[in-house]
Amino acid sequence: MELIKIIEREGRQLVSGRELHEFLEIRTKYKDWFRRMVEYGFEEEIDFIRVAQKRATNSLKNPVTTVIDHAISIDMAKEISMIQRTEKGKIARQYFINCEKKLKEVKKLSPMELMELQFKALKEQKEKIAQVENKVDKLEEDMPLFQIDCKEIQALVRKKGIEALGGYRSIAYNDNSLRGKKNSC
């Protein structure tokens, strides 16, 4: 189970500082919190990398803004999690420890065992994709009709009703006693 997404960059495992901040449910603004965490002795380019990301806004004057995030090492993430002294911090720290253990186990595997693990992971992903596709298919089948669909259906029913009565010029169509019945959709 992936609590916080771990990425690999230049042989190092890293996590987003913002994602860790969110997971730990920190109430302080990210930039203030991160600045405080760095004061524990973490160093840029060793423990974390500053990452600028462009994001869309709802503002017409400034449609794009730059948000600062930090790609932090697993070691730093573990220490930060421990510093928080909360249940979420404990969960995150244990998660990072388990991720490191799994990475060490994977490095000890033979090429055949690695291929088997990859095959198993691909099979699981394929099953998940199939489940999602089934859910989408079911949603499409069960989806309620939209207003435009209803209007199209009403128009087709009206057209078939007029044809059944013999067309616009028929006596049945022009009989006012039947007019309310044919338009009662």
Side-chain angles (χ1 to χ4, degrees), residues 1-109 113-140 142-144:
M1 185 171 104
E2 187 176 66
L3 295 180
I4 302 165
K5 185 178 179 181
I6 298 175
I7 59 166
E8 193 154 326
R9 189 173 178 184
E10 297 173 15
R12 293 177 63 197
Q13 287 189 311
L14 305 166
V15 298
S16 161
R18 286 190 178 273
E19 285 183 30
L20 180 61
H21 176 263
E22 183 180 328
F23 177 80
L24 294 172
E25 298 174 349
I26 306 297
R27 293 185 187 121
T28 311
K29 286 184 181 179
Y30 174 74
K31 68 178 187 172
D32 298 332
W33 171 80
F34 193 80
R35 191 177 317 121
R36 214 175 55 243
M37 294 301 104
V38 170
E39 291 172 1
Y40 282 95
F42 298 111
E43 295 181 42
E44 190 167 357
E45 301 300 324
I46 295 171
D47 298 304
F48 66 92
I49 303 164
R50 190 171 186 262
V51 180
Q53 300 173 331
K54 300 265 186 208
R55 292 201 181 153
T57 66
N58 291 332
S59 170
L60 294 175
K61 290 182 181 179
N62 192 11
V64 177
T65 188
T66 301
V67 177
I68 301 300
D69 193 359
H70 299 88
I72 63 177
S73 69
I74 296 294
D75 287 337
M76 181 176 174
K78 279 191 304 192
E79 284 189 54
I80 287 175
S81 299
M82 189 172 56
I83 291 168
Q84 303 310 308
R85 293 186 308 240
T86 64
E87 189 60 32
K88 284 281 199 167
K90 186 177 179 181
I91 291 168
R93 182 175 175 274
Q94 195 57 50
Y95 168 72
F96 294 130
I97 289 170
N98 289 338
C99 288
E100 283 184 326
K101 284 180 185 176
K102 286 180 185 175
L103 181 65
K104 287 176 184 172
E105 289 172 6
V106 168
K107 286 184 178 179
K108 293 177 186 176
L109 296 176
E113 291 170 321
L114 279 172
M115 267 193 348
E116 287 173 359
L117 271 178
Q118 288 174 334
F119 178 75
K120 183 180 175 185
L122 283 172
K123 188 176 177 184
E124 288 173 3
Q125 288 299 319
K126 221 176 184 181
E127 289 171 2
K128 285 180 183 178
I129 290 169
Q131 289 173 350
V132 169
E133 286 175 344
N134 287 338
K135 286 180 182 178
V136 168
D137 289 344
K138 182 155 177 51
L139 281 173
E140 286 175 347
D142 296 343
M143 191 178 345

Under 3.5 Å, which donor-acceptor pairs link side chains of residues 49-57 to any protein atom two or more places apart or in another chain?
from	atom 1	to	atom 2	distance (Å)
Gln53	OE1	Arg55	NH2	3.0
Lys54	NZ	Thr66	OG1	3.4
Thr57	OG1	Ser59	N	3.3
Thr57	OG1	Asn62	O	2.4
Thr57	OG1	Pro63	O	3.3

Phe48: partners by ring-ring contact (aromatic ring centres under 6.0 Å, His included), with sequence neighbours left out: Phe34, His70

Check: Ile4 main-chain N/O paired with Tyr95 side-chain donor or acceptor under 3.5 Å: yes

Side-chain heavy-atom pair Met37, Trp33 within 4.5 angstrom cut-off: yes

Over all atoms of both residues, closest heavy-atom pair of His21 and Lys29: NE2-C, 4.0 Å

Ile46 CD1 to Met76 CE distance, which is reported to the nearest 0.5 Å: 11.5 Å

The single option from Thr86, Leu3, Leu24 passing side-chain contact (heavy atoms from CB on, under 4.5 Å) against Ile91: Leu3

Spacing of NZ belonging to Lys88 relative to CG belonging to Leu20, to within rounding of 0.5 Å: 11.0 Å

Please list, one pair per line, the donor and acceptor atoms closer than 3.5 Å that link side chains of residues 123-134 to other protein atoms, with sequence neighbours excluded.
from	atom 1	to	atom 2	distance (Å)
Asn134	ND2	Ala130	O	3.4

Between CD on residue Glu79 and CG on residue Asp47, distance to nearest 0.5 Å: 7.5 Å

Straight-line distance of Asp32 CG to Arg27 CZ, nearest 0.5 Å: 15.5 Å

Closest contact, heavy atoms only, Ser81 versus Ala77: OG-O, 2.7 Å

Neighbour count above 12 (heavy atom, 6.0 Å) for Arg18 CZ: yes

Beyond-backbone contact of Ile80 with Phe96, side-chain heavy atoms, under 4.5 angstrom: no

Side-chain heavy-atom pair Ile74, Val15 within 4.5 angstrom cut-off: yes

Minimum side-chain heavy-atom gap Asp69-Glu19 below 4.5 Å: no

Sub-4.5 Å side-chain heavy-atom contact between Lys5 and Ser16: no

